[in-house]
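Nothing here was measured: the structure is a model prediction, and the numbers come from that model. Numbered from 1 within each chain, the chains take letters A, B, ... in sequence-line order.
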2 protein chains.
Amino acid sequence: MAVTLKDIAEEAGVSLMTVSNVVNGKTARVSPATIERVRGIVDRRGYVANASARSLAASRSRTVGVLVPVAEGDMLTMSPHHVAVIGGMERQLRQAGYHVLLRGITEPAEVGEAVREWGLDGAVLLGFLDAEIDALPAEGGPLLAIDSYSLNPRATGVRSDDFGGGGLAARHLLEHGHRRLLFAGPAFGDSGVVRRRHDGFRAAVDAVTDATAEVVAVNTTYEDGLALGRALRAEHPAVTAVFATADVLAVGIMAGLLDAGASVPGEVSVVGFDDLDLGQFVRPRLTTVAQDLAEKVAVATRMLLGEIDGEAAPDEVELGVRLVTRESVAVPRAADSEAGPDSAPTGASR
Amino acid sequence: MAVTLKDIAEEAGVSLMTVSNVVNGKTARVSPATIERVRGIVDRRGYVANASARSLAASRSRTVGVLVPVAEGDMLTMSPHHVAVIGGMERQLRQAGYHVLLRGITEPAEVGEAVREWGLDGAVLLGFLDAEIDALPAEGGPLLAIDSYSLNPRATGVRSDDFGGGGLAARHLLEHGHRRLLFAGPAFGDSGVVRRRHDGFRAAVDAVTDATAEVVAVNTTYEDGLALGRALRAEHPAVTAVFATADVLAVGIMAGLLDAGASVPGEVSVVGFDDLDLGQFVRPRLTTVAQDLAEKVAVATRMLLGEIDGEAAPDEVELGVRLVTRESVAVPRAADSEAGPDSAPTGASR
DNA sequence: CTGAAAGCGCTTACAG
DNA sequence: CTGAAAGCGCTTACAG
């Protein structure tokens, strides 16, 4: 079998717990000579501590769960944005000596089970509904919920400034002279990411007297966007600009518009949200609201690790957002001729 | 603390190991009455076995590692294809009672460390170079390498019929009348995925007397494709069709071609490989070689689990591939006028 | 059908 | 600066 602490101890002629101490860097209580000798043997023999034994004895697993909701019997899926968050967190956790357990969650009770089963020091919640997080028991290890507005005190939510992002999108469109706007995103209730994006969008529209915005509920998929785009001019003839709450959706809408013979951004402008690579792959390139992924990852990891170490964490952290201007927004044709130069863009979009 | 086997045993008035037996379904050796009583208590108290204790005692972790190479200090990244493979395998492993540990690997020695540290029952290698897998020590738990041609007997490679896929792409183009083809993909050596795709492509081209194919080495990124597409007509004026070894690359090439004023597929046809969603998001929609992802996942999981249970596994498994015909391939203009109807597509491309 | 014992490889107090 | 003891929560033979 693999080499154990005992093997090292025997070879070094010291006790098992002295080896444990040097392996764990509790170097203050061991003589330099012993440290060096033990380290040499550890390296030579290729000793690696058994994580199970360590967790069991220390009742600390140095493991963090990445929990993702899945429909019963379905496969685990992750958006490109979530994949990037996981990838970034894995690196930081690894460098901090933590491990990552990836697990699909079929029903809420499973998050508690997963935590107890592995003695998880903490967990990251990816893609859960706020209501699901609210319903989680308040006791247990620290939880970090990405993009959540949940009020559960156990979960600290790390998310972007969705309200601000919605406002950014709306103002960019309004500054270009658009007055009949459409907000396209999944149905929303009283809270949550989509609600916030909508409210920010709405507030900016309401600030301009002759501007109005309609809302249409669609699932966040390319196909739903495509269908909406194709029917857009027929069903919403006055609309000249669309804000979609996700890039995939926006890309679908653009494709649908193009399919139906409408030019983008000539006749209809489109703004997305997320700044996925995808937005640069399509033509016209998508103007979108970008989140600072690196910062999100850094903050999320720091929060979680801090909480594991007993620090108090804020209930939520909101990250900045910015507009990435590409090619999918232009001055509307109607405004172009009717309203004259006054409604042309007024410069920087803020 | 959490409820343990001992708590359940005391409440049920039986020994600890009887509880262990019913929890683990070793029901043959326990009376029905006891089983039912113990199960009731387990459910009521919400008992969940401690995975660390279990691994330690059984020297079997019921955990599989998903290992992904990362550059030192870099974040872990996964292609959409890899993400789908992981997602699919996670589900099957979960249903089989296994857990998934996700880990970035900076240098080859870390795979052995990871396996020993967690007593991993097996591991999935995602995105490793064949040479890296070849260099892994042959002893240790079973390894499953996705898309690998490694000869290491410890690793069973599950991959698509890359040679066949290359042939499919070439024949589709040849049947449309193309005679000056270009193979675009990362630089390749004597083996590996790209080599095989090239060889299959080449063999099909060589089977047509007046057809020739050039090879150009590019990284598998949208940006590299874009640059190649923009320069294509200037640098390869005779080429009328391109086969790219990955969809992202193909999409970049199409965009570059369009940027440079070349029509796709009017002047240049393009075929990709992978069948990512992305291919349907762009215009023209990408014709590409598709892998059967569901089958790949099912086979990979079955192989790995089988090997963990001591079954012998083949050294490699090759999965079928098929052509998905969309809009990026057409009869070349030159062939259109010069060669006449004879070189038009000859029907279904298999 | 059921149980007492030993042990998996480590860490945590506590002594010296 | 170093070590002997107890114990983390489970499973594995082995008895009865």
Carefully, step by step, assess B/Arg103 and B/Glu117 under the rule salt bridge (charged side-chain N to carboxylate O under 4.0 Å, His left out). CA-CA 12 Å; B/Arg103 171 150 171 179; B/Glu117 182 165 16; 3.4 Å; yes
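- Nucleotide D/dA13: unpaired (no Watson-Crick or G-U wobble partner with both distances less than 3.5 Å).
- If you measure from atom CG of B/Leu56 to atom P of D/dG7, you get 17 Å, rounded to the nearest angstrom.
- For B/Leu16, taking side-chain heavy atoms from C-beta onward, the closest of the listed nucleotides C/dT12, C/dC10, D/dT11 is D/dT11.
- Of the candidates C/dT12, D/dC10, C/dC10, D/dC10 carries the atom nearest the B/Tyr47 side chain, counting heavy atoms from C-beta on.
- The nearest whole Å value for the distance from the CZ atom in B/Arg62 to the P atom in C/dC8 is 22 Å.
- The distance between atom CG of A/Leu5 and atom C1' of C/dT12, rounded to the nearest whole Å, is 14 Å.
- Going from the C1' atom of C/dT2 to that of D/dT12 covers 15 Å, rounded to whole Å.
- The separation between A/Arg60 atom CZ and D/dG9 atom P is 17 Å, rounded to whole Å.
- Salt bridge status for B/Arg94 with A/Glu110: absent, with no side-chain N to carboxylate O gap under 4.0 Å.
- Among the nucleotides C/dT11, D/dA4, D/dC1, the one closest to any side-chain atom of A/Ser20 is C/dT11.
- Contact check, A/Ser31 against D/dC1: no side-chain N or O comes under 4.0 Å of OP1 or OP2.
- Under 4.0 angstrom from either OP1 or OP2 of C/dT11 there lies no side-chain N or O belonging to A/Lys26.
- Within 4.0 Å of A/Asn24, counting heavy atoms only, lie sugar-phosphate atoms of the nucleic acid but no base atom.
- Between A/Val23 and B/Ala58, the residue anchored closer to the 5' end of DNA chain C is B/Ala58, taking for each the nucleotide with the nearest heavy atom.
- Atom-to-atom, NZ of A/Lys6 to P of D/dG3 comes out at 16 Å; the value is rounded to the nearest Å.
- Contact between the side-chain N/O atoms of A/Thr34 and the OP1/OP2 oxygens of D/dC1 is not found at any separation under 4.0 Å.
- Rounded to whole angstrom, the span from the CG atom of B/Asn50 across to the C1' atom of C/dG9 amounts to 14 Å.
- Checked for salt-bridge contact, A/Arg60 and A/Asp309 meet the test: a charged N lies under 4.0 Å from a carboxylate O.
- For the pair B/Ser15 and A/Arg54, both in contact range of DNA chain C, the more 5′-proximal nearest nucleotide belongs to B/Ser15.
- Put simply, the side chain of A/Arg62 never gets that close to the backbone of A/His99: no donor and acceptor are under 3.5 Å apart.
- Of the candidates D/dA4, D/dC10, D/dT12, the closest approach to any side-chain atom of B/Met17 belongs to D/dT12.
- In this entry the distance linking CD1 of A/Ile35 with C1' of D/dT2 reads 12 Å, nearest Å.
- Of the N and O atoms on the side chains of B/Ser150 and B/Asp134, at least one donor lies less than 3.5 Å from an acceptor on the other residue.
- Following rounding to the nearest Å, B/Asp7 (CG) and D/dC10 (C1') show an atom-to-atom distance of 13 Å.
- Remark: B/Thr18 is in phosphate contact with C/dG3, judged by side-chain N or O atoms under 4.0 Å from OP1 or OP2.
- Distance from the side chain of B/Ala57 is smallest to D/dT11 among C/dC1, C/dG3, D/dT11.
- Distance alone, capped at 3.5 Å, places no donor-acceptor pair between the A/Glu90 side chain and the A/Val100 backbone.
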